[in-house]
Amino acid sequence: MKKLFALLLAFSCLFLTACNQNPADSTIGKGNPQNPVQPNETELKDTIIYNKTRDFIDLPSRIVYDDGGIVYYYSKVDGKSYVYCFDPLCEHKGDCLARPDLKAWNFQCTFFMDNRFYTTTAYGQIISFSFDGTDMKIEYDAGYDPQTVSQFGWTPNPSSYGKYIYIPLRADEKGNPHILRFDIETGEMEDLTEKTGNYVLPIFFYNGELYGTSSDSITWIKSDLGLQSCEVIEGIPVFSYISGNCFFSYIYNDQWDIEGIEIYDMKTGESEILTNELMGIEHEPQIVFIDEDYIYFYQLESIYLGDIIVKDELKPYYKGNDGSLYRVNRDGSGLICIYEESEFQIIDFEATIAGDHFLIKGQNVRVRDHVKETWDSGVLVGTIGADGKIDRLDPVEVVE
């Protein structure tokens, strides 16, 4: 039963999590810098390797996303979306890859390595499968007792680099956390903490070295890939927005209001601060996308739309932005508003760009007769013009 449950869990998170890596139909190469396939030291030099949750999984030929519990892919070729299922007879229910029954989706649990997906589970198993979900097999089984797995199982926070999968073990028999490492080529599992006496929770990789924290989650450590040589370093302002060798994070005041954006360069070890004043904005920025030239964001601002009826009472309804999207150069200059629509509401904190197409999760919303009305909710797409602006955002066309 334990193995069956783990197998179902892995299958359930297959296509939203697994597509965090380049699929078999892509050209294996640089891939997504955050989630590369088999890092090449030459191609990925001075590139931060950081596994993280994303709303949009940007692949060479398509963009994978979840909308309303169904997984779709947006084709960069024709600009249309398709249900992420390859069975022409499937009704996209039950065990359909595009609509898993279990909502245990964790973008960090699955990696595409050596043309296969590898998923780790809390039950101490590593399961691999091909691109379309077939040829599924258990690569490793720790044999955990279901009664103790919550105490001694693996955390849902693995990392991958090259041929290795790094897995945090919650605790050994003495209550001490360990770092395990699985070699997909040999099928060998190593307990690096037992072998070296060191523990480093992997956060990211850079130029063939592992960066992470000690068991106190405070002390930063740099290590070789085998945890044999560890060095305490100053803290690094890690955040989920990354471009090449730079982290993008926020700076806060004493009231925890965002006062600007910090850009930390791993190559130089230096930070650049873009204050709100420098960028020319009045409200807190919320980054949605970064490319080689620009930072895309909206401003956090409570906008009153009217009173709505909630349990027979009138309650004010606000949306968290004014419906505008902005772009600024990576040095903080050149602010422009790229999209403006008073009824537009951003749903999530992430967008992506494919060629001249801009995709973001949002909707249109208004209050009329004390009722909140929404329409065109989901993934919206617009065309970026020569001036960098978007005339309109419309729901992506879905081909059934």
Side-chain angles (χ1 to χ4, degrees), residues 34-35 39 47-54 106-109 111 120-124 126 142 144 148-162 164-182 189-242 245-259 261-271 273 349:
Q34 278 76 38
N35 301 284
T47 300
I48 298 168
I49 310 302
Y50 179 52
N51 301 306
K52 72 182 189 66
T53 301
R54 300 186 68 86
N106 183 338
F107 292 168
Q108 297 178 347
C109 77
F111 311 97
T120 69
T121 76
Y123 286 81
I126 296 177
Y144 287 135
T148 62
V149 68
S150 61
Q151 179 181 357
F152 301 112
W154 299 349
T155 72
N157 188 30
S159 300
S160 70
Y161 188 85
Y164 298 118
I165 300 174
Y166 291 81
I167 306 163
L169 176 68
R170 284 193 174 91
D172 60 14
E173 292 78 3
K174 297 181 180 179
N176 300 313
H178 285 227
I179 296 297
L180 311 179
R181 186 177 71 175
F182 182 75
M189 178 70 78
E190 295 179 277
D191 187 328
L192 297 182
T193 299
E194 181 179 358
K195 185 176 180 179
T196 67
N198 297 320
Y199 175 91
V200 184
L201 176 64
I203 304 297
F204 67 94
F205 300 85
Y206 183 74
N207 287 346
E209 294 182 302
L210 183 155
Y211 290 77
T213 60
S214 63
S215 57
D216 62 11
S217 300
I218 298 175
T219 305
W220 272 90
I221 299 174
K222 180 175 70 172
S223 167
D224 64 288
L225 297 180
L227 302 191
Q228 294 179 341
S229 176
C230 298
E231 173 189 354
V232 175
I233 60 175
E234 293 185 2
I236 297 174
V238 171
F239 202 67
S240 57
Y241 297 100
I242 299 168
N245 56 295
C246 292
F247 284 107
F248 292 74
S249 58
Y250 300 119
I251 55 174
Y252 299 86
N253 60 22
D254 294 337
Q255 287 73 44
W256 287 101
D257 298 321
I258 300 174
E259 291 191 325
I261 296 171
E262 177 180 2
I263 306 175
Y264 179 79
D265 190 327
M266 279 294 299
K267 188 174 182 179
T268 65
E270 298 179 352
S271 290
I273 303 299
F349 301 140

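What's counted below: heavy atoms across the whole structure, side chains too, no hydrogens, waters or symmetry copies.
Under the ring pair (Phe, Tyr, Trp, His ring centres under 6.0 Å) criterion, F182 pairs with no residue, sequence neighbours left out. Scanning for side-chain hydrogen bond (donor to acceptor under 3.5 Å, both in side chains) contacts around D254 gives an empty result, with sequence neighbours left out. In this structure E190 satisfies the salt bridge (Lys or Arg N to Asp or Glu O under 4.0 Å) test together with R181, K195, sequence neighbours excluded.
For the pair E231 and I221, the minimum side-chain heavy-atom distance is 4.5 Å or more.
Ring geometry for Y166 against F205 counts as tilted: the plane angle lies between 30° and 60°, on a 0 to 90° scale. Taking the six-membered ring where tryptophan is involved, the planes of W154 and Y144 are perpendicular, since the angle between them exceeds 60° and thus also 30°.
The heavy-atom pair separating Y206 from N245 by the smallest distance is OH-CB, 3.9 Å. Minimum interatomic distance between I273 and I251 (heavy atoms only, all atoms of both residues): CG2-CD1, 3.4 Å. The shortest heavy-atom contact between Y50 and F204 is CD1-CB, 3.9 Å. Taking all atoms of both residues into account, the shortest heavy-atom contact from I261 to F248 is CG2-CD2, 4.4 Å. Scanning both residues, C230 and V200, for their nearest heavy atoms gives SG-CG2, 4.0 Å. Taking each heavy atom of L210 and L225 in turn, the nearest pair found is N-CD2, 4.4 Å.
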* To do: Show the numbers, then the answer: is there a side-chain contact (heavy atoms from CB on, under 4.5 Å) between M189 and I126?
  => CA-CA 10 Å; M189 178 70 78; I126 296 177; 3.8 Å; yes
* Could you walk me through whether I165 and I167 pass the side-chain contact (heavy atoms from CB on, under 4.5 Å) test, one step at a time? => CA-CA 6 Å; I165 300 174; I167 306 163; 3.9 Å; yes
* Please lay out, stage by stage, how Y264 and F247 fare under the test ring pair (Phe, Tyr, Trp, His ring centres under 6.0 Å). => CA-CA 5 Å; Y264 179 79; F247 284 107; 7.1 Å; no
* Asked: What do the steps show when you test I236 against M266 for side-chain contact (heavy atoms from CB on, under 4.5 Å), and what is the final call?
  -> CA-CA 9 Å; I236 297 174; M266 279 294 299; 4.0 Å; yes
* To do: Before giving the answer on side-chain contact (heavy atoms from CB on, under 4.5 Å), spell out for Y199 and T213 the whole-Å C-alpha distance, their side-chain angles and the decisive distance to 0.1 Å.
  => CA-CA 8 Å; Y199 175 91; T213 60; over 6 Å; no
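Remark: side-chain polar atoms of Y211 are not paired, donor with acceptor, to backbone N or O of P202 under 3.5 angstrom. Listed for the D265 side chain is no donor-acceptor partner under 3.5 Å among the backbone atoms of G269. For T193 (side chain) and I179 (main-chain N/O), a donor-acceptor pair under 3.5 Å exists by modelled atom type. Remark: side-chain polar atoms of N198 are paired, donor with acceptor, to backbone N or O of L227 under 3.5 angstrom.
E262 and S271 share a donor-acceptor pair across their side chains, judged by distance under 3.5 Å alone. Remark: the D216 side chain and the S214 side chain contain an N/O donor-acceptor pair separated by less than 3.5 Å.
To the nearest 0.5 angstrom, K267 atom NZ is 12.5 Å from I48 atom CD1. The OG atom of S215 sits 10.0 Å away from the CG atom of L201 when rounded to the nearest 0.5 Å. The CD1 atom of I49 lies 13.5 Å from the CD atom of E209; values are rounded to the nearest 0.5 Å. Taking OG of S159 as the start and CD1 of I203 as the end, the distance is 7.0 Å to the nearest 0.5 Å.
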